[in-house]
Amino acid sequence: MSSQTQLRLIIYEFSRKFQTKLSTQKLHSFVTKSQLARDPFFATQLVRFYELNDDLLSARKLFDVFPERSVFLWNSVIRAFAKAHRLGTAYSLFSEMLSSDTKPDSFTFACLARGFSESFDTTEGLRCIHGNAIVSGLGFDQICGSAIIKAYSKAGLIVEASKLFVSIPEPDVALWNVMLSGYGCCGFWDKGIYLFNVMLHRGNRPDCYTMVGLTTGLIDPSLLLIACSVHGFCLKMNLDSHSHVGCALVSMYSRCKCIASAFSVFRSILEPDLVACSSLITGYSKCGNHKEVLYLFNELRMSGKKPDCVLVAIVLGSCAELSNSLYGQEVHSYVIRLGLELDIKVCSALIDMYSKCGILDSAMALFAGIPEKNIVSFNSVILGLGLHGFASSAFEKFHEMLEMGLKPDEVTFSALLSTCCHSGLLHEGQEIFMRMKSDFGVEPKTEHHVYIVKLLGMAGILEEAFDYVMSLRRPIDSGIWGALLSCCEIHENTHLAEVVAEKILESEEERRSVYQVMLSNVYARYGRWDEVERLRDGISDSSGGKLPGISWV
DNA sequence: ATAGGGTTAG
């Protein structure tokens, strides 16, 4: 092995392991003095290294002076900017590439698509990338296709995603997997399972990521039966020992509020890493066992693992729910010791924690200290102000956010509606609810309907609240009926309460039998006729023997 | 050498 190659390997390893600013500078001065910086292979590695260190400036400098730009170098630098959400730069690099001698390949489009999947103006950006890919003759490419499908589905553009999927002649496993989880992301878990059946039918062998893809759509307790069957399938295919599958199963069971199963899957993971532990801790947090979250977090710290921003944010969420600022402050000081206090995720979680613990001043101070505020930090502070009854300040922050060019999302409106509820502002609430859809194109979800019902109910206009719920598209979430029910209780309207209770039972029943039929189809496919019989018996008992007409295959 | 798939803040 030549000394040159050795150095490359050392620095390649270096780039994977170290992530401190100090090492960037050391490496940088080292590289510029040596001849290494002229080597095309090495330049690509170096860009990757800079990317990992959030040092895009150095990456750009290196790229700009580099004489021979290989397609690898172009892709790496585009990838670095796309991943950091510097989409303008990523796109202008791409345009520059189009007019250069080096033509983009499938990786170029994959890198671009990845960045655009999380931007605000996704639809246009993605269509543009997709169009360019087609022009470059890569419209049916697997690598390019899988990245674009993923981006489309992350952005909720499931129609675009599936159109692209069906146009690709012989999808590989990764492509099937991306489409499966795409359906899950967009709330069509049933279509995902249908596609899974088609995939098997065409003789494709599922891998561990197929299983991970199937779990993505299983997001609430009503889907527990389906979740169990996915788990069963993992066991049967011997795919459950893979650590990524383990994590996905833990979080799937957590979303289904079945913490016992989540825990038993976790126990079966041989060497749980930080992500596995985070999945379990997130599970306890989702199930409302916040004491356990703090306990496990402590255990994790004792075991010498270093929590990351994601985990810290979740733990702070539990401190907020416990409404005890002592826990929160302890985690806050730990965060400072770890040097994570500037992270925007952590900071937003801290704001939320302090305002829910009644210390609004600390929350506001933290908010003021964030250099680049994003949608989440604004949402936290709006929610906090609303919670403390400062409705006009909350709306001021909302306008400030709009002036900064940030696009409000569903959580923003949730926070504003909650503000109105706390201050009893019926008309303001109704107005912002209207504007949410007409001015900002945000579709109302269960939580928004719940707030409207609460606003109407609290004002004592129960009949109007009832008519409002009846006007919603079916199926109506039982949470919405629940909100109305509690308003009926407060206003002691027993007549309406009875009607509402009836509706709740109805909707649950309907949902259950639909799921049972779907599950029985899964069993039928694998010849588990005993289970099928058991389930179908259950269905005839509960819904008069009539099966809804649903087909998976 | 550059992608793609485990947890994910409000």
Side-chain angles (χ1 to χ4, degrees), chain A residues 8 12 15 39-48 51 70-80 83 104-114 141-151 172-178 180-182 207-213 215-216 242-252 254-255 266 269 272-283 285-286 307-317 320 343-353 355-356 374-384 409-412 414-415 418 447:
Chain A
R8 281 176 192 163
Y12 181 61
S15 72
D39 180 291
F41 173 97
F42 186 73
T44 310
Q45 295 297 327
L46 204 54
V47 168
R48 172 107 179 96
E51 181 199 321
S70 68
V71 68
F72 298 109
L73 188 61
W74 275 105
N75 290 350
S76 304
V77 77
I78 289 174
R79 180 194 129 113
K83 213 184 159 192
D105 64 3
S106 51
F107 291 95
T108 318
F109 292 105
C111 295
L112 278 170
R114 175 188 183 154
D141 180 87
Q142 306 264 3
I143 290 170
C144 188
S146 67
I148 295 177
I149 288 171
K150 194 185 161 204
D172 67 2
V173 188
L175 205 61
W176 283 100
N177 295 349
V178 158
L180 274 182
S181 71
D207 67 4
C208 19
Y209 293 108
T210 315
M211 297 300 119
V212 172
T215 65
T216 26
H242 189 276
S243 77
H244 289 194
V245 177
C247 295
L249 289 174
V250 169
S251 79
M252 171 190 78
S254 309
R255 291 190 299 261
F266 177 79
I269 299 174
D273 61 0
L274 184 65
V275 176
C277 296
S278 303
S279 311
L280 186 70
I281 296 179
T282 310
S285 143
K286 285 219 166 81
D308 63 359
C309 302
V310 175
L311 183 55
V312 166
I314 287 158
V315 173
L316 283 167
D343 179 87
I344 192 129
K345 288 191 186 112
V346 172
C347 210
S348 307
L350 279 170
I351 292 171
D352 190 55
M353 182 276 291
S355 48
K356 285 187 179 150
N374 72 0
I375 178 85
V376 181
S377 34
F378 266 103
N379 290 347
S380 308
V381 84
I382 291 173
L383 190 73
D409 66 3
E410 53 192 56
V411 186
T412 317
S414 204
S418 145
E447 64 210 79

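Since the model is a prediction, treat every value here as computed from it, not as a measurement. So you know, we letter chains A, B, ... as the sequences are listed, proteins then strands, and number each from 1.
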ask   = What nucleic acid atoms does A:Ser278 come within less than 4.0 Å of, heavy atoms only: base, sugar-phosphate, or nothing?
value = base
query = Within this structure, what is the CD1-to-C1' distance between A:Ile344 and B:dT8, rounded to whole angstrom?
reply = 15 Å
message = Categorize A:Ser380 for me: base, sugar-phosphate, or nothing, with a 4.0 angstrom heavy-atom threshold over every strand shown.
response = sugar-phosphate
note = Of B:dA1, B:dT2, B:dG6, the nucleotide closest to the side chain of A:Phe41 is B:dA1
query = Between B:dA9, B:dT7, B:dT2, which nucleotide has the shortest distance from any of its atoms to the side chain of A:Ser251?
reply = B:dT7
query = Among the nucleotides B:dT2, B:dA1, B:dT8, which one has an atom lying closest to any side-chain atom of A:Asp105?
reply = B:dT2
request  = Using a heavy-atom cut-off of under 4.0 Å over every strand shown, decide if A:Lys286 touches base, sugar-phosphate, or nothing.
outcome  = sugar-phosphate
Face-to-face contact A:Phe72 to B:dT2 six-ring, under 5.5 Å, under 30° = no
query = Within the structure shown, what part of the strands sits under 4.0 Å from A:Val178 by heavy-atom distance: base, sugar-phosphate, or nothing?
reply = nothing
task = Measure from the side chain of A:Lys345, starting at C-beta and using heavy atoms only, and say which of B:dA9, B:dG6, B:dG5 lies closest.
result = B:dA9
request  = Let me know the distance between CG of A:Leu316 and P of B:dA9, rounded to the nearest Å.
outcome  = 13 Å
key: Contact check, side chains of A:Thr215 and A:Ser251, non-hydrogen atoms, under 4.5 Å   = no
For A:Glu447, all residues meeting salt bridge (charged side-chain N to carboxylate O under 4.0 Å, His left out), sequence neighbours excluded = none
Main-chain N/O of A:Phe72 paired with A:Ser76 side-chain donor or acceptor, under 3.5 Å = yes
inquiry  = What's A:Leu249 touching, base or sugar-phosphate or nothing? Going by heavy atoms closer than 4.0 Å.
reply    = nothing
remark   = Considering only heavy side-chain atoms of A:Asp308, the closest of B:dG6, B:dT7, B:dT8 is B:dT7
Sequence-distant partners of A:Lys356, salt bridge (charged side-chain N to carboxylate O under 4.0 Å, His left out), two or more places apart = A:Glu321, A:Asp352
query = Contact class for A:Asp352 (heavy atom, under 4.0 Å): base, sugar-phosphate, or nothing?
reply = sugar-phosphate
query = NA contact type, A:Asp409, heavy-atom cut-off 4.0 Å: base, sugar-phosphate, or nothing?
reply = base
note = Out of B:dA9, B:dT8, B:dA1, minimum distance to the side chain of A:Ser348 belongs to B:dA9
A:Thr282 side chain reached by A:Ser254 side chain, heavy atoms, under 4.5 Å = no
inquiry  = Once you apply a heavy-atom cut-off of 4.0 Å, does A:Leu383 come out as touching a base, just sugar-phosphate, or nothing?
reply    = sugar-phosphate
remark   = Among B:dT8, B:dA9, B:dG6, the one nearest any side-chain atom of A:Val376 is B:dA9
inquiry  = Could you check whether any side-chain N or O of A:Asn75 sits under 3.5 Å from a backbone N or O of A:Ile78, counting only pairs where one atom can act as donor and the other as acceptor?
reply    = no
request  = With heavy atoms under 4.0 Å as the rule, sort A:Asp141 into base, sugar-phosphate or nothing.
outcome  = nothing
inquiry  = What is the separation between atom CZ on A:Arg255 and atom P on B:dT7, rounded to the nearest whole Å?
reply    = 7 Å
inquiry  = Please report the distance, rounded to the nearest Å, between CG in A:Leu311 and C1' in B:dA9.
reply    = 12 Å
Gap between atoms NZ and C1', on A:Lys356 and B:dA9 respectively (whole Å) = 11 Å
message = Which nucleotide wins on minimum distance to the side chain of A:Ser243, given the candidates B:dT7, B:dG6, B:dT2?
response = B:dG6
ask   = Over how many whole Å does the gap from A:Leu46 atom CG to B:dT2 atom C1' extend?
value = 15 Å
query = Taking the side chain of A:Val310 as its heavy atoms from C-beta onward, which of B:dG6, B:dT7, B:dA1 lies nearest to it?
reply = B:dT7
ask   = Whole Å only: how far is the CD1 atom of A:Ile269 from the P atom of B:dT7?
value = 12 Å
note = Looking only at B:dA1, B:dG5, B:dG6, the nucleotide nearest the A:Tyr209 side chain is B:dG5
